[in-house]
Amino acid sequence: MGPLELRPADVRRPSSSRRALLAGSVGNLVEWYEFGVYGSLATVIAANFFRSEGSGGAEALVATYASFALAFFFRPVGAVVFGRLGDRLGRRPALVVVVGLMTLATVMIGLLPTRAAIGAAAPWLLTLLRALQGLSAGGEFGGAVSLMTEYAPVGRRGLYGAWQSFTVALGLLTGAGTAAALASALPAEALYAWGWRIPFLLALPLGAVALWLRTALDEPPPPSAAPSAAQSGGVPVGPRELARSVVLGIGRIMGWSAAGYTFLVVLPSYLQTTPGTSLREALLATALANVGFAASILPAGALSDRIGRRPVMLGGALGVTVLALPLLHVLQSPGASPWSRTGAVLLAGALVGLMAGPGPAMLAEMFPRRVRCTGLGLAYALAGAVFSGCAGLVITAMIARTGDTSVPAYYAAGACALSCCALLGLRGGGHREPLG
């Protein structure tokens, strides 16, 4: 039996399912670790790469987030390129390539000379590496989620898909925690001079483990019988129907994308604009938000296997719509106690987790197998490009223009309100039907 062959019975073996779960999710850890580091150290990166002589800190921060957003706009390209690879040649080749490319680009960022050393070439080189990361990240989601949900035992697809989001949370938490630990352990001068490089270089051992796991990966078997239209999400393979489903998928997860990056990535730089909030305090708040996010994801995925994807995801989207502004006011209030601020960031992260837990399985159920990597990957990448990648840029620019410090809450709540409308059309029994 060749390395890409698999007996149909193996898909139900617990050991095969666990191996696929580990191999599929470990790459997400590497990917989102870097994004957590980059978002948490945005002000440090801005000072080293984007602040030119005579420019202000706010201008450099906007440029830093523009580079951050650019990587997201390469994600749809990666979703198409690597998604087609995964749909035509198998999940394993695509997943091996994307994790190798992500690891290489992240380590190279840690080795880059700064603007003080090589001038204007530094921000351009950083932006190029961010684009490479965007390409690899675009292919990661579709292949990983397809693999994990296709291997999932009966009745546990939501939980298995939730592991993708959980490793995203773990990666963001690890990245933010590493940045916070460095900010606490090093003097500010050392952090800005060389300490910021350490988290990026740590991606090398993480990526090596991910690459080793994926090279030993088996392919999931094809369905044992031709699925009905309902079982394949009602999606023919025609380009028009596929595009319609991609747009619908974007609508269902746009709130997850916008609220996730507002609360989990953009928060540290934003909080530093609040009087009396230091870099260390802002990084700690972000780490706590990611704890709340991580703690709710797996329970939300498991709950969606019991009661359906729609009620769980709607609960998270409605929660952000109603509570985003009050939670932000708690963080902004100089008189708020540490416990109330801790509760606010934990709750904000948990609400995002209610959407992120069932989200991967929900997307997998919208597309048939032969276009699943491409379809769900493209929906996720486009939602991320528009509503996640632009979050820091839009929020920072709008606060600078309007002076309204409540912009982050409006941004997250507005996107979640629109997601509620798209989620209302989600079929209640889709989680019980086999994948096509």
Side-chain angles (χ1 to χ4, degrees), residues 72-88 91 94 137-146 149-150 157-158 161 164-165 223 226-260 304 308-314 316-317 355-356 358-390 414-436:
F72 276 87
F73 282 95
F74 277 87
R75 285 185 170 215
V77 179
V80 172
V81 172
F82 295 114
R84 288 177 66 83
L85 175 65
D87 286 328
R88 292 187 174 188
R91 311 316 191 202
E140 172 68 32
F141 183 86
V145 171
S146 295
T149 54
E150 288 164 3
R157 195 160 59 227
Q164 191 280 337
S165 295
S228 67
Q231 291 170 339
S232 62
V235 186
V237 186
R240 183 176 299 178
E241 293 81 4
L242 180 61
R244 186 181 299 119
S245 293
V246 168
V247 171
L248 180 58
I250 291 170
R252 289 174 176 172
I253 66 171
M254 62 186 288
W256 165 19
S257 297
S304 76
R309 320 294 181 216
R310 182 173 59 191
V312 182
M313 295 186 72
L314 267 176
M355 296 179 279
M362 181 274 296
L363 286 174
E365 290 157 1
M366 292 181 65
F367 300 93
R369 179 190 175 96
R370 57 190 177 276
V371 294
R372 183 169 293 129
C373 283
T374 305
L376 71 88
L378 191 55
Y380 183 78
L382 287 170
V386 177
F387 299 102
S388 295
C390 291
C416 283
L418 292 174
S419 263
C420 287
C421 300
L423 286 166
L424 286 172
L426 190 61
R427 291 183 303 112
H431 64 291
R432 296 190 181 95
E433 297 170 355
L435 284 179

field: Matching residue for Met366 among Leu248, Leu426, Val246, Leu376 - test: side chain to side chain contact (heavy atoms under 4.5 Å, CB included)
entry: Leu248
Rounded distance [0.5 Å steps], CE in Met362 versus CZ in Arg310: 12.5 Å
- prompt: If every non-hydrogen atom of Ser419 is compared with every non-hydrogen atom of Gly255, which pair is closest and at what distance?
  reply: OG-N, 2.8 Å
query: For the residue pair Ala94 and Phe82, what are the closest heavy atoms and their distance?
result: CB-O, 3.6 Å
Heavy-atom closest contact (Ala379 atom, Ile253 atom, distance): O-CD1, 4.0 Å
- prompt: With side chains defined as the heavy atoms from C-beta onward, is the minimum distance between Leu363 and Phe141 less than 4.5 Å?
  reply: yes
message: Under a 3.5 Å distance rule, please check whether Ser257 uses its side chain to pair with a backbone N or O of Ser388 as donor and acceptor.
response: no
field: Side-chain heavy-atom pair Met355, Cys416 within 4.5 angstrom cut-off
entry: yes
Side-chain donor or acceptor of Arg75 paired with backbone N/O of Ala137 under 3.5 Å: no
- prompt: So, for Gly308 and Pro311, which heavy atoms are closest and what is the spacing to 0.1 Å?
  reply: O-CD, 3.6 Å
message: Tell me whether Arg372 contacts the main-chain N or O of Ala364 through its side chain, where contact means a donor paired with an acceptor under 3.5 Å.
response: yes
Glu365 and Arg427 ion-paired at < 4.0 Å: no
message: What's the separation between atom SG in Cys373 and atom CD in Glu140, rounded to the nearest 0.5 Å?
response: 10.5 Å
message: What's the separation between atom CG in Leu424 and atom CZ in Arg252, rounded to the nearest 0.5 Å?
response: 10.0 Å
message: So which atom in Trp256 and which in Gly359 form the shortest heavy-atom distance, rounded to 0.1 Å?
response: CZ3-CA, 3.8 Å
- request: Might you work through the side chain to side chain donor-acceptor pair (under 3.5 Å) test for Thr149 and Arg157, ending with a clear yes or no?
  value: CA-CA 5 Å; Thr149 54; Arg157 195 160 59 227; over 6 Å; no
- line: Interatomic distance, CD1@Ile250 vs CG@Leu418, rounded to 0.5 Å, equals 13.0 Å
message: Under a 3.5 Å distance rule, please check whether Arg91 uses its side chain to pair with a backbone N or O of Gly86 as donor and acceptor.
response: yes
query: What distance separates Leu85 CG from Thr374 OG1, expressed to the nearest 0.5 Å?
result: 9.5 Å
message: For a quick test of reading the model, state the closest non-hydrogen atom pair linking Val77 to Phe73 and the distance between them.
response: CG2-O, 4.4 Å
